[in-house]
Amino acid sequence: MINNFHIYNTLTRKKEPFEALNPPKVGLYACGPTVYGDAHLGHARQAITFDILFRYLQHLGYKVRYVRNITDVGHLENDADEGEDKIQVKARLESLEPMEVVQHYMNRYHMNMDALNVLRPSIEPRASGHIIEQQELIVKIMDAGYAYEVNGSVYFDVNAYNETHPYGQLSGRKVEDLLSNTRALDGQSEKKSGLDFALWKKADPLHIMQWPSKWSDGYPGWHLECSAMSTKYLGEQFDIHGGGIDLLFPHHECEIAQNVAGYGKAAVRYWMHNNMITIGGQKMGRSFGNFITLDQLFEGDHALLEQAYGPMTIRFFILQAHYRSTLDFSNEALKASEKGLIRLLNAVATLDSIKTSDTSSVDVATLEERCSQAMEDDMNTAKLIGLLLGGVNIIHKLAEGKESIAEKELEKLKNIYFSWVYSVLGLEQPEESGKANEITGDLITMILNLRNDAKSSRDFETADRIRKELTNMGITVKDRKDGADWEIN
RNA sequence: GGUCGGUUUGCCGAGUGGCUAGGCGCUGGUCUGCAAAACCAGUUACAGCGGUUCGAAUCCGCUACCGACCUCCA
């Protein structure tokens, strides 16, 4: 499979040409959410980044198996592996079954992602459904001598591992440095070293989520699920692993160690990490408490929001920055995205009404090439959007007849916009669905027709009154030569 | 403290040696009964200092500031 796609590989800190292990198939794994709260803007960025990768690889002709997990067990509340399971904490607070909490937030996550036009992955495995696989991996790691059991819990032995394999390769850390920065063991801990992490944790009797094992009734460690599930569905080696940059250490580092220890080799060819969304220069995250959920954005229901922002505006906003850059949230930036998106989508809608000529005065081939190059360069959606918006000018001139285009060239132009804007970037024309909306539309059209009659008979007083009242309702009237168009603000 | 990254015009944000990024905003114009919308045109930058070079936002060094990770986090 020939392409010129280059990926920035976190492992090597370089852009590398993409070569699939088993073309035309590509195995892609991305770390999904822990479902104990509503998804926020940061989750949207992660999901959209790898949604673009999923779509783009398919656009290039690959057959992609995209696995994105749901973490519904195992993440602990604090360090030292002594905390409570996050899901369980939430369940107690809300007096719900843990699985009820999981289902609730998972449903909401799916609704949010659907709204953002994020494609569902090929497989969406849940940690709780792969306890057996995780236990099997623990056995392999123990057999290889890289894990030890203490009081029914099993820990990964980082020091033992580091003697034969460099631990910290992905995040650029050294064990010695890590050790000097790790809080001293208080003597109570079961772990041999502060760097060791839990593979299996014995549960106390009150712990609701627990499963039997040869070591104890307990639950799997936090990093284990991704190793076990990616191997199950993508094999011991696969092409791309993605996730938020905040998971780089320790999560992904531990994942590599688990794979090497258990299966004897590293699984991943390319590691990709999306950067964070910031707000006022600071990372937006659950632990900072400065996040805005997607529902709040869609509804405009948050103190920091001056208005509601549609899912496509959010998607466009995120795609206007490169995925490895931080992206700063602000109302001003969101509003700018909203307008830019409309400009782009309106132009695409205009393409069908362009008339062709015998010759072309516009250069479509160059645009086509530059768009491809932008995406080939580590998925630079920001550049791609810039190019597509630059072409909007040309589309307008073609529509007005100021430039000419041959039929074949027009087909090419349409293909550029339809495939990049709709298929790869996943942007959609806003839907006007529902009977109520239909009636509303018809009513407004009727009123505007009446106003047009008034204008024709030069009764501007009536015409202005109608327009003013519509404006007060939040409907913008746009007069054209033949009638009028309208828009709800 | 350790490791890594960032600092681009009023705002967001591309850009790794010479070629207009782009969007928003702002100013002017076209259209229009007027207004809005739409469209067209114009608009400004590269944290500071020093160095390399014919030429630097882009490479190197120093300084300042900001952030991320080092504990769960997309």
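Within every chain, numbering begins at 1; the chains are lettered A, B, ... in the order of the sequence lines, protein sequences first and strands thereafter. Remember, predicted model here, so these are calculated numbers, not experimental data.
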Mind checking [X] for me? I need base, sugar-phosphate or nothing, with any heavy atom below 4.0 Å counting as a touch.
X: Leu388(A); answer: nothing
X: Ser337(A); answer: nothing
X: Ala382(A); answer: base
X: Leu389(A); answer: sugar-phosphate

key: Tyr270(A) and Phe18(A) aromatic centres sub-6.0 Å   = yes
Distance between the [atom1] atoms of [N] and [M], in whole angstroms?
N: A14(B); M: U9(B); atom1: C1'; result: 14 Å
N: U52(B); M: A68(B); atom1: C1'; result: 32 Å
N: A35(B); M: G42(B); atom1: P; result: 24 Å
N: C26(B); M: U63(B); atom1: C1'; result: 35 Å
N: C73(B); M: C62(B); atom1: C1'; result: 36 Å
N: G23(B); M: G13(B); atom1: C1'; result: 8 Å
N: U16(B); M: G5(B); atom1: C1'; result: 16 Å

ask   = With nearest nucleotides of RNA chain B determined for Gln46(A) and Gln282(A) from heavy-atom distances, which residue corresponds to the more 5′ nucleotide?
value = Gln282(A)
inquiry  = On RNA chain B, compare the nucleotides closest to Leu387(A) and Gly285(A); which residue's is nearer the 5' end?
reply    = Leu387(A)
ask   = Are Asn275(A) and Ser325(A) close enough that a side-chain donor and a side-chain acceptor fall under 3.5 Å?
value = no
When you check the phosphate oxygens OP1 and OP2 of [N], does a side-chain N or O of [X] lie under 4.0 Å from one of them?
X: Thr49(A); N: A74(B); value: no
X: His322(A); N: A14(B); value: no
X: Arg286(A); N: A74(B); value: yes
X: His273(A); N: A74(B); value: no
X: Lys397(A); N: A41(B); value: yes

key: Partner set under side chain to side chain contact (heavy atoms under 4.5 Å, CB included) for Thr293(A), not counting sequence neighbours   = Asp38(A), Phe291(A), Asp295(A), Gln296(A)
note = Contacts of Arg120(A) meeting side chain to side chain contact (heavy atoms under 4.5 Å, CB included) (sequence neighbours excluded), chain-then-number -> His110(A), Asp114(A)
query = Hey, mind stepping through His273(A) and His252(A) against ring pair (Phe, Tyr, Trp, His ring centres under 6.0 Å) and telling me if it holds?
reply = CA-CA 10 Å; His273(A) 292 93; His252(A) 291 156; 4.9 Å; yes
Could you write out each protein N or O paired with an N or O of nucleotides 3-7 of chain B at a distance under 3.5 Å?
none

Quick one: does [X]'s side chain get under 4.5 Å of [Y]'s, heavy atoms only?
X: Asn274(A); Y: Phe50(A); result: yes
X: Leu367(A); Y: Leu413(A); result: yes
X: Asp196(A); Y: Phe156(A); result: no
X: His241(A); Y: Thr10(A); result: no

Taking only the side-chain heavy atoms of [X] (C-beta and beyond), determine which of [options] contains the nearest atom.
X: Asn274(A); options: A74(B), A35(B), G33(B); answer: A74(B)
X: Phe249(A); options: C73(B), G33(B), C70(B); answer: C70(B)
X: Ala333(A); options: C12(B), C73(B), G33(B); answer: C12(B)
X: Asn380(A); options: A14(B), C73(B), C40(B); answer: A14(B)
X: Asp246(A); options: U71(B), C34(B), A74(B); answer: A74(B)
X: Lys383(A); options: G15(B), C40(B), C73(B); answer: G15(B)
X: His396(A); options: C39(B), G23(B), A14(B); answer: C39(B)
X: Arg458(A); options: A35(B), G33(B), C70(B); answer: G33(B)
X: Thr476(A); options: A36(B), A74(B), G33(B); answer: A36(B)
X: Asp328(A); options: C34(B), A14(B), C12(B); answer: C12(B)

With sequence neighbours left out, write down each residue that passes ring-ring contact (aromatic ring centres under 6.0 Å, His included) with [X], or none if nothing qualifies.
X: Tyr56(A); value: Phe5(A)
X: Tyr66(A); value: Phe54(A)
X: Phe288(A); value: none

Check the interface with nucleotides 44-47 of chain B: list each N/O to N/O pair with the protein under 3.5 Å, or write none.
none

message = Measure CD1/Ile277(A) against P/G67(B) and give the value in whole Å, please.
response = 18 Å
ask   = Salt bridge or not for Arg55(A) and Asp51(A), using N-O below 4.0 Å?
value = yes
Could you tabulate the donor-acceptor pairs under 3.5 Å formed by side-chain atoms of residues 338-346 of chain A, not counting sequence neighbours?
| from | atom 1 | to | atom 2 | distance (Å) |
| --- | --- | --- | --- | --- |
| Glu338(A) | OE1 | Gln307(A) | NE2 | 3.2 |
| Asn346(A) | ND2 | Ile342(A) | O | 3.4 |

ask   = So what does the secondary structure string of RNA chain B come out as, 5' to 3', with Watson-Crick or wobble pairs under 3.5 angstrom, [ ] for crossing and | for pairs with another strand?
value = (((((((..(((.....[...)))((((((.......))))))...(((((..]....))))))))))))....
query = Given the rule in the side-chain hydrogen bond (donor to acceptor under 3.5 Å, both in side chains) test, do Tyr36(A) and His104(A) qualify, once you have shown the distances and angles that lead to the verdict?
reply = CA-CA 9 Å; Tyr36(A) 66 100; His104(A) 174 77; over 6 Å; no
Ring pair (Phe, Tyr, Trp, His ring centres under 6.0 Å) evaluation trace for Phe197(A) with Tyr155(A) = CA-CA 5 Å; Phe197(A) 53 92; Tyr155(A) 296 97; 9.2 Å; no
Side-chain donor/acceptor contact of Arg467(A) with base of A36(B) under 3.5 Å = no
key: Under 3.5 Å donor-acceptor pair, Asn393(A) side-chain atoms to G22(B) base atoms   = no
Acceptor/donor pairs from residues 381-396 of chain A side chains to any protein atom, 3.5 angstrom cut, sequence neighbours excluded:
| from | atom 1 | to | atom 2 | distance (Å) |
| --- | --- | --- | --- | --- |
| Thr381(A) | OG1 | Leu319(A) | O | 2.8 |
| His396(A) | ND1 | Val392(A) | O | 3.4 |

Between the protein and nucleotides 56-58 of chain B, list every N/O to N/O distance that falls short of 3.5 Å.
none

query = What are the residues of residues 338-355 of chain A, sorted by number, that bring a heavy atom to within less than 4.0 Å of RNA chain B?
reply = Lys339(A), Gly340(A), Arg343(A)
